2 protein chains.
Amino acid sequence: MDTEEQLNRAFLALGDPVRRAIVARLSRGAATVNELAEPFDISLQAVSKHIQVLEQAGLVSRTRDAQRRPVHLEAARLERLTAWIDTYRLAAEQRFRALDALLASTDGGAAATEEKKQ
Amino acid sequence: MDTEEQLNRAFLALGDPVRRAIVARLSRGAATVNELAEPFDISLQAVSKHIQVLEQAGLVSRTRDAQRRPVHLEAARLERLTAWIDTYRLAAEQRFRALDALLASTDGGAAATEEKKQ
DNA sequence: TCATTGATCAACCGATCTGTTGAATAAAGA
DNA sequence: TCTTTATTCAACAGATCGGTTGATCAATGA
């Protein structure tokens, strides 16, 4: 399973309010499909599909307990997402700070100001 | 503009490899649509649409420089995404650590083990 | 003014997504 | 065995997505 593909699936999975609510719920502990479906006004089958999407993204996993299939949050996968975002966020912020420093230093500030105001 | 809706758009926006590549590129500095389109084998119009998706998500903004429209990364919006993810990731990890502690403490470990192995 | 450059708008197409309903499967319990 | 509970599978409909091409707009520069 490609990592790029997993990133894709994970971000797409979180791009839905029902699935984000499911993730939020699971952060407080494992739950069955029925339990997860309870707050929503959609069919159980629709919720089951949402869980499959989250599972394919690696964001949740499932075990078996008799006829129940408890769903668990995979915190490690969430961390991969923040890691991806932070890579670029921090790069952008650092670049911005470097520009600030340049701006503050004596002269040569013209070009820096040009970029800064954009 | 609803915050929930913005979260949605932002996660969906990052759920596409072209848009993630654009974000990565912009973390190294602003760029025009033409510059952003250069690495891809798709039409300029397609890239323009991707940028509009990112803009609607609040992940990028644009200024004007003659007939060019430089695109800038909005690091603050990226931070909101990590903040959302971390809220639930940290909750899940803390719960897990609490379970570990319970497990390590003398007896009463049966129920904890039960959850832990799932 | 007219051609060029940079980018967007509009209409369209095929694929994927989110929901539905109805049927099927799997395990537990009477 | 028969019923109930928990969940999934299958087929479908409508909406949205990502791409295309062709036309248009806006600013520069000759």
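Reminder, nothing fancy here: chain letters follow the sequence lines and each chain counts from 1. Remember, it's a predicted structure, so these values are computed and weren't measured experimentally.
- Counting heavy atoms from C-beta outward, B:W84 and B:T3 have side chains that stay 4.5 Å or more apart.
- For A:R19, a side-chain nitrogen or oxygen approaches OP1 or OP2 of C:dT18 to under 4.0 Å.
- To the nearest 0.5 Å, atom CG of residue A:L90 and atom CD of residue B:E79 are 9.0 Å apart.
- Summary of the strand contacts: A:R69 and A:G15 both lie near DNA chain C, and taking for each the nucleotide with the nearest heavy atom, the more 5' one is attributed to A:G15.
- Residues A:V18 and A:H50 come closest through the heavy atom pair CG1-CD2, 3.6 Å.
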Going 5' to 3' along nucleotides 20-25 of chain C, which nucleotides have protein heavy atoms under 4.0 Å from the base (write B), which only from the sugar-phosphate (write S), and which from neither (write -)? BBB---
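- No donor-acceptor distance shorter than 3.5 angstrom exists from the side chain of B:R89 to the backbone of B:A91, with no hydrogens or angles considered.
- First and last contacting nucleotides of DNA chain D toward chain B (any atom under 4.0 angstrom from a heavy atom, 5' to 3' order): D:dG18 to D:dT28.
- Computed from coordinates, the B:E38 CD to C:dG6 C1' distance equals 16 Å when rounded to whole Å.
- Heavy-atom distances to DNA chain D give each of A:R62 and B:H50 a nearest nucleotide, and the one nearer the 5′ end belongs to A:R62.
- Between B:L78 and B:L73, some side-chain heavy-atom pair lies under the 4.5 Å cut-off.
- Remark: P of C:dC17 and CG of B:D16 are 12 Å apart, rounded to the nearest angstrom.
- Among B:E55, B:Q56, B:E4, the one residue that satisfies the side-chain hydrogen bond (donor to acceptor under 3.5 Å, both in side chains) test with B:R9 is B:Q56.
- For the pair B:R64 and B:R69, the minimum side-chain heavy-atom distance is below 4.5 Å.
- Shown are A:I22, A:T32, A:L59, A:L36; of these, the side-chain contact (heavy atoms from CB on, under 4.5 Å) with A:V71 is made only by A:L36.
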